[in-house]
Amino acid sequence: MSSYWLVKSEPSAWSWDQMVAAKTTEWSGVRNPGALINMKQMKKGDRAFFYHSNEGKCVVGIVEIAKTFYADPKDEKSGLVDMRAVEKLPSEVTLAAIKQDPALKDMVLVKNSRLSVQPVTAAEWARVCKLGGLKSGN
DNA sequence: GCCAACGTTGGC
DNA sequence: GCCAACGTTGGC
């Protein structure tokens, strides 16, 4: 069974466009223990929302886990997963829209906005896809 | 740019 | 192991 996730990035540091341009991205620099636990649970083929924090504050696209967790040779307290862009949402889903939606009020994004790698439930996944203009979860 | 919430660090 | 001080994140 695959799981759903949400990863955050500041567009000034790493944007969706860069994510698309780079075929595969090594997701590095995560130090938060909770976020690292989530990363370790990612499986190849799992999908994640790509969220722009600070600027934009919206879900912009979907990425796929290309390689599961492995140690970061440069930082023993951290680790990496590989991801690649899958598809852009026809319309961005803003944080304001998520907060406004009763079906999404329990999203980690709302409750613990500082966590940079978060789990997303299947129901939340489907809902955000719908808001973003995708018919299905793919 | 401000500041609240959350994490981390380090002295005890 | 506690907790105060400090640093960082991210929404506003």
Side-chain angles (χ1 to χ4, degrees):
Chain A
M1 165 186 166
S2 70
S3 309
Y4 299 110
W5 309 97
L6 181 147
V7 296
K8 296 196 294 193
S9 181
E10 294 192 37
S12 59
W14 185 255
S15 70
W16 171 256
D17 289 340
Q18 286 172 286
M19 186 83 210
V20 172
K23 283 184 195 163
T24 306
T25 301
E26 293 184 340
W27 205 258
S28 64
V30 174
R31 298 296 295 275
N32 179 285
L36 285 169
I37 287 169
N38 290 331
M39 281 173 73
K40 285 178 187 171
Q41 289 174 348
M42 289 175 168
K43 293 185 289 296
K44 193 176 176 186
D46 278 0
R47 301 205 158 191
F49 288 128
F50 188 90
Y51 176 82
H52 275 173
S53 63
N54 249 313
E55 287 173 67
K57 285 167 286 179
C58 54
V59 177
V60 288
I62 291 171
V63 297
E64 182 179 86
I65 308 306
K67 187 174 176 186
T68 52
F69 190 87
Y70 54 103
D72 186 339
K74 299 184 198 120
D75 182 355
E76 62 179 20
K77 288 189 178 163
S78 189
L80 312 169
V81 296
D82 288 359
M83 309 185 180
R84 64 170 161 266
V86 173
E87 114 182 271
K88 184 172 181 155
L89 292 182
S91 59
E92 297 172 342
V93 180
T94 64
L95 181 64
I98 288 170
K99 284 189 163 175
Q100 211 173 293
D101 192 328
L104 298 174
K105 67 174 170 36
D106 290 327
M107 272 190 82
V108 181
L109 191 64
V110 177
K111 296 209 150 178
N112 184 3
S113 63
R114 291 194 45 186
L115 192 61
S116 60
V117 181
Q118 322 179 345
V120 173
T121 68
E124 288 161 355
W125 183 268
R127 182 68 182 157
V128 174
C129 284
K130 194 177 175 192
L131 292 176
L134 291 178
K135 292 193 182 100
S136 71
N138 291 323

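For A:Tyr51, there are no ring-ring contact (aromatic ring centres under 6.0 Å, His included) partners two or more places apart in sequence or in a different chain. Shown here are the side-chain contact (heavy atoms from CB on, under 4.5 Å) partners of A:Lys40, two or more places apart in sequence or in another chain: A:Phe69. Looking at residues two or more places apart in sequence or on another chain, you find a side chain to side chain donor-acceptor pair (under 3.5 Å) between A:Asp101 and A:Arg127. Residues that satisfy the side chain to side chain donor-acceptor pair (under 3.5 Å) test with A:Glu92, not counting sequence neighbours, are absent from this structure. Partners of A:Thr94 under the side chain to side chain donor-acceptor pair (under 3.5 Å) rule, at least two apart in sequence or in another chain, do not exist in this structure. The side chain to side chain donor-acceptor pair (under 3.5 Å) search around A:Trp27 returns none, not counting sequence neighbours.
For DNA chain B, the neighbouring residues in residues 32-42 of chain A, judged by any heavy atom under 4.0 Å, are A:Asn32, A:Pro33.
Counting any heavy atom pair closer than 4.0 Å across all strands shown, A:Lys99 reaches sugar-phosphate atoms only and no base atom.
Defining each end axis of the helix from B:dG1-C:dC12 to B:dC12-C:dG1 as the rotation carrying four pairs' C1' atoms onto the next four, with five pairs an end, the two axes are found to diverge by 10° to 10 degrees.
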Distance-only criterion, 3.5 Å: show the donor-acceptor pairs between side-chain atoms of residues 76-86 of chain A and protein atoms not counting sequence neighbours.
unit_1, atom_1, unit_2, atom_2, d
A:Ser78, OG, A:Val30, O, 2.6
A:Asp82, OD1, A:Tyr70, OH, 2.6
A:Arg84, NE, A:Glu64, OE1, 3.4
A:Arg84, NH2, A:Glu64, OE1, 2.9

Can you list, pair by pair, the side-chain donor-acceptor contacts under 3.5 Å of residues 103-117 of chain A, counting residues two or more places apart and other chains?
unit_1, atom_1, unit_2, atom_2, d
A:Asp106, OD1, A:Lys111, NZ, 3.3

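For the salt bridge (charged side-chain N to carboxylate O under 4.0 Å, His left out) condition, no pair includes a residue of residues 10-24 of chain A, sequence neighbours left out.
When DNA chain C is scanned in the 5' to 3' direction for atoms under 4.0 Å from non-hydrogen atoms of chain A, the outermost contacting nucleotides are C:dG7 to C:dC12.
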